[in-house]
Amino acid sequence: MVYLTSLWLPILLSAVIVFVVSSILHMVLPLHKNDYRKLPDEEKVMDALRAAGVVPGPAYHFPHCSHKEMNTPEMQEKFKKGPVGLLTMFPSGPPAMGKYLGMWFLFCLIVGVFTAYLTGRTVAFGTPYLLVFRVAGTVAFMGYGLGHFVDSVWKGQTWGVTFKHMFDGLIYALLTAGTFGWLWPR
């Protein structure tokens, strides 16, 4: 068993590496440039949302109904007529990129801690690189990649976008695994 305190360096370094590489993937490379589209007649839609009093925080599902109402003819007609969607609202104002990047780095640290915990409980001191890589990579992929699957299942995100995010997660997991394998205590 390897204690978390022995793994602080791979936790921190893997978080920094993933943070830098994710910035490159999302800001430099064109992989994600078409993930989001502009609304048709955006100003009209934004005016309608303001007039309706839509606020940040809750996720809005439309048309909204209870489970009991879902199979009524009226709701079925609303679903057929459309649009059907899920809307997430952010606070007004410029995007708080500092806050978002800080939370992303914190998430990278959390994935690193869980990777260290599980790998440290299943892999001993002095274990060869490839075994550490395999265990750490599996755990890291669960943290970085698999959660995106839910976005297509329940949130209507296209599978193409989901698979791109899962691919990103695979890259992050491989980088995390490489860092843990490289810095594993001997």
Side-chain angles (χ1 to χ4, degrees), residues 1-37 56-59 86 88-91 93-186:
M1 179 169 65
V2 178
Y3 293 102
L4 278 177
T5 53
S6 302
L7 299 172
W8 68 268
L9 184 57
I11 291 169
L12 184 59
L13 188 57
S14 66
V16 169
I17 290 169
V18 167
F19 185 85
V20 170
V21 169
S22 70
S23 297
I24 293 168
L25 284 175
H26 286 270
M27 294 187 294
V28 177
L29 300 178
L31 179 66
H32 293 284
K33 81 174 191 178
N34 294 321
D35 286 358
Y36 302 99
R37 297 183 195 139
L86 186 65
T88 302
M89 299 295 293
F90 294 94
M97 288 308 291
K99 175 185 171 186
Y100 298 144
L101 291 172
M103 289 189 310
W104 170 241
F105 185 72
L106 178 62
F107 178 74
C108 293
L109 286 172
I110 291 168
V111 170
V113 167
F114 276 90
T115 301
Y117 173 77
L118 191 56
T119 307
R121 294 298 179 261
T122 58
V123 177
F125 279 91
T127 298
Y129 174 90
L130 200 53
L131 181 58
V132 174
F133 183 92
R134 187 174 67 213
V135 174
T138 300
V139 177
F141 182 69
M142 291 170 67
Y144 286 122
L146 289 181
H148 295 288
F149 196 85
V150 172
D151 293 337
S152 287
V153 172
W154 292 108
K155 298 178 184 175
Q157 182 170 272
T158 65
W159 285 102
V161 171
T162 292
F163 289 136
K164 284 193 279 185
H165 287 291
M166 290 176 76
F167 178 74
D168 292 350
L170 177 62
I171 292 170
Y172 307 154
L174 294 173
L175 292 167
T176 300
T179 304
F180 273 80
W182 169 45
L183 297 172
W184 195 253
R186 303 279 179 246

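Index from 1, following the sequence. Just so you know, these numbers come straight off a predicted model, no measurement behind them.
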**Study point:** Under 3.5 Å side-chain donor-acceptor pair for Ser14 and Thr179
**Key:** no

Review point. Is the closest side-chain donor-acceptor distance between Asp151 and His165 under 3.5 Å?
Key: no

Exercise for review: With side chain to side chain contact (heavy atoms under 4.5 Å, CB included) as the test, would you mind laying out the steps for Leu170 and Tyr144 before giving the verdict?
Suggested key: CA-CA 7 Å; Leu170 177 62; Tyr144 286 122; over 6 Å; no

Rounded distance [0.5 Å steps], [atom1] in [X] versus [atom2] in [Y]:
{"X": "His26", "Y": "Asp35", "atom1": "NE2", "atom2": "CG", "value": "8.0 Å"}
{"X": "Phe180", "Y": "Leu175", "atom1": "CZ", "atom2": "CG", "value": "12.5 Å"}
{"X": "Trp159", "Y": "His148", "atom1": "CH2", "atom2": "NE2", "value": "12.5 Å"}
{"X": "Leu131", "Y": "Thr122", "atom1": "CG", "atom2": "OG1", "value": "7.5 Å"}
{"X": "Leu106", "Y": "Trp104", "atom1": "CG", "atom2": "CH2", "value": "11.0 Å"}
{"X": "Leu12", "Y": "Ile17", "atom1": "CG", "atom2": "CD1", "value": "10.0 Å"}

Between [X] and [Y], which heavy-atom pair has the shortest distance, and what is it?
{"X": "Ala173", "Y": "Gly137", "result": "CB-O, 3.6 Å"}
{"X": "Met166", "Y": "Phe141", "result": "O-CE1, 3.6 Å"}
{"X": "Met1", "Y": "Phe125", "result": "O-CE1, 3.5 Å"}
{"X": "Ala136", "Y": "Thr115", "result": "O-CG2, 3.5 Å"}
{"X": "Lys164", "Y": "Leu31", "result": "NZ-O, 3.1 Å"}
{"X": "Ala59", "Y": "Leu86", "result": "CB-CD1, 4.2 Å"}

Answer yes or no: are there more than 12 heavy-atom neighbours, outside [X] itself, under 6.0 Å from its atom [atom1]?
{"X": "Tyr117", "atom1": "OH", "answer": "no"}
{"X": "Phe114", "atom1": "CZ", "answer": "no"}
{"X": "Phe19", "atom1": "CZ", "answer": "yes"}
{"X": "Tyr100", "atom1": "OH", "answer": "yes"}
{"X": "Arg186", "atom1": "CZ", "answer": "yes"}
{"X": "Trp8", "atom1": "CH2", "answer": "no"}
{"X": "Tyr129", "atom1": "OH", "answer": "yes"}

Exercise for review: Could you go through the side chain to side chain contact (heavy atoms under 4.5 Å, CB included) check for Leu4 and Ile11 one step at a time?
Suggested key: CA-CA 9 Å; Leu4 278 177; Ile11 291 169; 4.3 Å; yes

Compare all side-chain heavy atoms of [X] with those of [Y] and state whether any distance is below 4.5 angstrom.
{"X": "His32", "Y": "Asp168", "result": "yes"}
{"X": "Val18", "Y": "Phe105", "result": "no"}
{"X": "Pro185", "Y": "Leu7", "result": "yes"}

Check your understanding: What's the verdict on side chain to side chain contact (heavy atoms under 4.5 Å, CB included) for Val111 and Tyr172, showing C-alpha distance, side-chain angles and the deciding distance?
Key -> CA-CA 10 Å; Val111 170; Tyr172 307 154; over 6 Å; no

